[in-house]
Amino acid sequence: MSTKDSTDIIIRPVSSESALERLERENKLTFIVSPDANKVAIKSAVAKLYSVKVKSVNTSITMTGEKKAVVALEKEFSATELATKIGLL
């Protein structure tokens, strides 16, 4: 996994209703990530790409077979501001 670049790990942000609700209420962003990415790689990729501190990462496989990562940011960083910066909102 160390040979992959951060842009190869993070494929795209998710903009579903539940992801946006999680963004506002829980300070969490949701991304579709590379299927072979682990939590440590996802955490470092988000921190590197967006210059934020990541509190935790939870992953799951969607019904379509994509890997989804829910990334919780530390309190000093706003997920809403980051979502606006990357064009999600």
Side-chain angles (χ1 to χ4, degrees):
M1 193 81 259
S2 61
T3 60
K4 281 200 163 202
D5 190 47
S6 296
T7 56
D8 294 331
I9 294 171
I10 306 296
I11 297 173
R12 69 177 190 278
V14 176
S15 61
S16 67
E17 187 176 337
S18 62
L20 294 177
E21 185 175 314
R22 197 175 294 121
L23 172 86
E24 294 170 357
R25 291 186 182 198
E26 302 174 27
N27 202 37
K28 294 180 180 179
L29 288 165
T30 307
F31 296 97
I32 298 298
V33 296
S34 174
D36 58 341
N38 60 29
K39 291 181 181 186
V40 174
I42 294 166
K43 183 176 182 175
S44 66
V46 171
K48 183 179 176 184
L49 283 174
Y50 303 116
S51 303
V52 295
K53 284 187 181 176
V54 176
K55 185 176 182 180
S56 66
V57 177
N58 292 324
T59 59
S60 63
I61 304 297
T62 66
M63 294 290 285
T64 59
E66 296 176 308
K67 188 170 192 175
K68 179 173 70 172
V70 178
V71 179
L73 301 181
E74 291 289 350
K75 290 182 181 180
E76 63 261 23
F77 296 97
S78 170
T80 306
E81 286 181 19
L82 180 57
T84 304
K85 184 173 145 183
I86 63 176
L88 192 58
L89 294 179

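Position 1 is the first residue of the sequence, and the numbers go up from there.
For the pair A79 and L23, the tightest heavy-atom approach, listed with the atom from each and the gap, is O-CD1, 3.3 Å. Taking every heavy atom of both residues into account, A45 and S6 meet most closely at CA-OG, 3.6 Å. Contact record, K43 with K55: NZ-O, 4.2 Å, taken as the closest heavy-atom pair. Residues V54 and A47 share a closest heavy-atom pair of CG2-N, 4.2 Å. Minimum interatomic distance between T59 and K67 (heavy atoms only, all atoms of both residues): CB-CE, 3.9 Å.
Side-chain atoms of N27 come within 3.5 Å of backbone N or O of F77 as a donor-acceptor pair.
With K28 as the fixed residue, the side-chain contact (heavy atoms from CB on, under 4.5 Å) test singles out one of V71, V70, L73: V70.
Looking at heavy atoms from C-beta onward, K48 lies out of side-chain contact with T7 at the 4.5 angstrom threshold. Under the 4.5 Å side-chain criterion, counting only non-hydrogen atoms from C-beta, I11 is not in contact with V33. Inter-residue side-chain proximity for L29 and Y50 is flagged as unmet; no heavy-atom pair is nearer than 4.5 Å.
V40 and L49 end up in different hydrophobic clusters when Ile, Leu, Val, Met, Phe, Trp and Tyr side chains are linked at under 4.5 Å. Using a 4.5 Å cut-off between side-chain heavy atoms of Ile, Leu, Val, Met, Phe, Trp and Tyr, with links allowed through other members, V46 and V57 fall into the same hydrophobic cluster.
Here the CD1 atom belonging to I32 is positioned 6.5 Å from the OG1 atom belonging to T64, to the nearest 0.5 angstrom. Here the CD-OG distance, from E66 to S34, works out to 11.5 Å after rounding to the nearest 0.5 Å. To the nearest 0.5 angstrom, S44 atom OG is 14.5 Å from K39 atom NZ. Distance check, rounded to the nearest 0.5 Å: CG of L88 to CG of L82 gives 9.0 Å.
Other residues, nucleotides and ligands contribute over 12 non-hydrogen atoms within 6.0 Å of the CD atom of E76. The number of heavy atoms from other shown groups lying within 6.0 Å of CD (E81) does not exceed 12.
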Criterion side-chain contact (heavy atoms from CB on, under 4.5 Å) on L20 and L89, from CA distance to verdict: CA-CA 9 Å; L20 294 177; L89 294 179; 3.8 Å; yes

